[in-house]
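Inspection log for the structure reproduced underneath, given as C-alpha cells.
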Protein chains: 2
Amino acid sequence: MSFTNPSQRLRESTRLLTRKLGFLEIDEAVCCGVTLTQCHVIVETGRKQKISVNELAELLNLDKSTVSRTVDQLVNNGSLIREADPDDRRYVMLRLDLKGEELFKNIEQRMDIYFTETLESIPEEKRKQVIEGLEIFSEMLKNIKCI
Amino acid sequence: MSFTNPSQRLRESTRLLTRKLGFLEIDEAVCCGVTLTQCHVIVETGRKQKISVNELAELLNLDKSTVSRTVDQLVNNGSLIREADPDDRRYVMLRLDLKGEELFKNIEQRMDIYFTETLESIPEEKRKQVIEGLEIFSEMLKNIKCI
DNA sequence: TACATAAGTTGTAATTCGCAACTGTTTCTT
DNA sequence: AAGAAACAGTTGCGAATTACAACTTATGTA
C-alpha cells in the first residue's frame, strides 16, 4: 500500500478520517444521551439560533418528515422550541430550549476539547499545514448528486 | 466566524468535510444500487480479499448480527461467497462473488475518478500540503470511546 | 377569486439495527 | 482427557429510524 499515487493517498486518508469521525460522532451523541440525528439537530439549531425544518432536512440530508419527528422528540423532552414564524406562517422556527442549550454547550465543549487535544498532538511546525490543508480539501470536495 | 482560533478552524473544516463525505458515500451506494452498509461490506471485503464477519463488524462499527444479515443479502444476490475457514471452523471467510467483484471495481473506479478530479482542482503547489496534512490529521484523530 | 406552490405534519410500511439467546468450534484449566 | 470458558457466527425478536405519499395550512400569482 506504500507505493500509492497522490489521489490514492488522498482517498486512503479520507477513508481513515471518515471512519474515525464516525466513531467520534456516535460517541458524542451517546455520551450526551441522544441519538445521532437528535445530536445533529441540536448542534445545527444551536449554531444557527433559529432554523426551519426544511433547512435542517437539507443540512442533514434527511426527509423533512424525519426531521419533523425528530423535532417532536426534542420538543417533548424540553430541548427545542417550536414557534410559528410571524412573517410567513408556513415556517416553523426552531430554537433551543433549556435542555437543548445545555446539551449544545456540552457537545460544543467536548468537541472543543477533542479538537484542541488533537491539534496539540500534532507537531507544532505541522499544524499550519494540517489546518490549511484540511480547509482547502473540504472546500474542494464536490457534492456530487447521483443522477 | 472568520476570527476563529486554530482548533475551531480544524473543527469547522472537519464538519464541512464530514457532511460532504456523507453525501458522497450515500451517492456512491445509491448509484450502485446497494445500501450504504452493503457498499461498505463490499468495499472492505474487496480490499481485504478475505474477511470475517467479526472483522467487518469491527471495521464498520456494527453489531455482528447486523453484518451477518447484510452478508446474507449479498450472498443471496450473488455478490459475496461464504466459506468456512478450514483452519478454524468457527470462522466464516467472506470473499467477493462475481457481482461483488463488479460492484467493487465500479465503486473503486468511481472513487478514483472523484478523488483524482478533486486533487486536480486543487492548485498544483498546494497538493502536497493537502495530502500530507490530511494524512497527519487522520492519523492523529483518536478513537475516543465513551465510558 | 381560483390555482399553483411551499412548509410542515401525519399515516403507513419497509428497513435497519442491536440485544439476547443459541449453535457449533476451539482453547484453557485442572 | 473432561469439563468449563471463550469465541465466531446465526437467529428470534422488538424497537427505532427512515422515506414516500397524502394531507393541512399559508402564501403568491394569474
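Proteins come first, then strands; the chains are lettered A, B, ... in the order of their sequence lines, and each starts at number 1.
- For A:K20, the NZ atom counts as densely surrounded, since its 6.0 Å shell holds more than 12 non-hydrogen atoms of other residues, nucleotides or ligands.
- One can place CG of B:D88 at 12 Å from P of D:dC7, the figure rounded to the nearest angstrom.
- One interatomic measurement links the two molecules: CD of A:E83 to C1' of C:dT9, which rounds to 18 Å at whole-angstrom precision.
- Protein atom CG of B:D87 is 15 Å distant from nucleotide atom C1' of D:dA8, rounded to whole Å.
- Ranked by how close their nearest DNA chain C nucleotide is to the 5' end, A:Y91 and A:R69 are led by A:Y91.
- Here B:T70 lies out of heavy-atom contact (under 4.0 Å) with every strand.
- Residue B:R89 places no side-chain N or O under 4.0 Å from the OP1 or OP2 atom of D:dG9.
- The side-chain contact (heavy atoms from CB on, under 4.5 Å) test with A:T37 is passed by exactly one of A:L56, A:V67, A:I42, A:T70: A:T70.
- For B:S68 and D:dT11, the shortest distance from a side-chain N or O to OP1 or OP2 is not below 4.0 Å.
- Within a 6.0 Å sphere centred on CD of A:E124, other residues, nucleotides and ligands contribute 12 heavy atoms or fewer.
- The phosphate of D:dT18 (OP1 or OP2) has no side-chain N or O of A:T66 nearer than 4.0 angstrom.
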Could you go through residues 129-136 of chain A and list every donor-acceptor pair under 3.5 Å that involves a side-chain atom there, pairing it with any protein atom two or more places apart or in another chain?
residue: A:Q129; atom: NE2; partner: B:E132; partner atom: OE1; Å: 3.2
residue: A:E132; atom: OE1; partner: B:Q129; partner atom: NE2; Å: 3.3
residue: A:E132; atom: OE2; partner: A:K128; partner atom: NZ; Å: 2.9
residue: A:E135; atom: OE1; partner: B:R9; partner atom: NH2; Å: 2.8
residue: A:E135; atom: OE2; partner: B:R9; partner atom: NE; Å: 2.7
residue: A:E135; atom: OE2; partner: B:R9; partner atom: NH2; Å: 3.4

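- At D:dT18, one or more side-chain N or O atoms of A:T37 fall inside 4.0 Å of OP1 or OP2 (strictly under the cut-off).
- The listed nucleotides are C:dT5, D:dG9, D:dA19; the one nearest the side chain of B:K64 is D:dG9.
- Across all strands shown, A:N54 has heavy atoms under 4.0 Å from sugar-phosphate atoms exclusively, and none from any base.
- In the interface, the side chain of B:S65 is not paired with the base of C:dC17 through any donor and acceptor atom under 3.5 Å apart.
- For B:R82, a side-chain nitrogen or oxygen approaches OP1 or OP2 of D:dT10 to under 4.0 Å.
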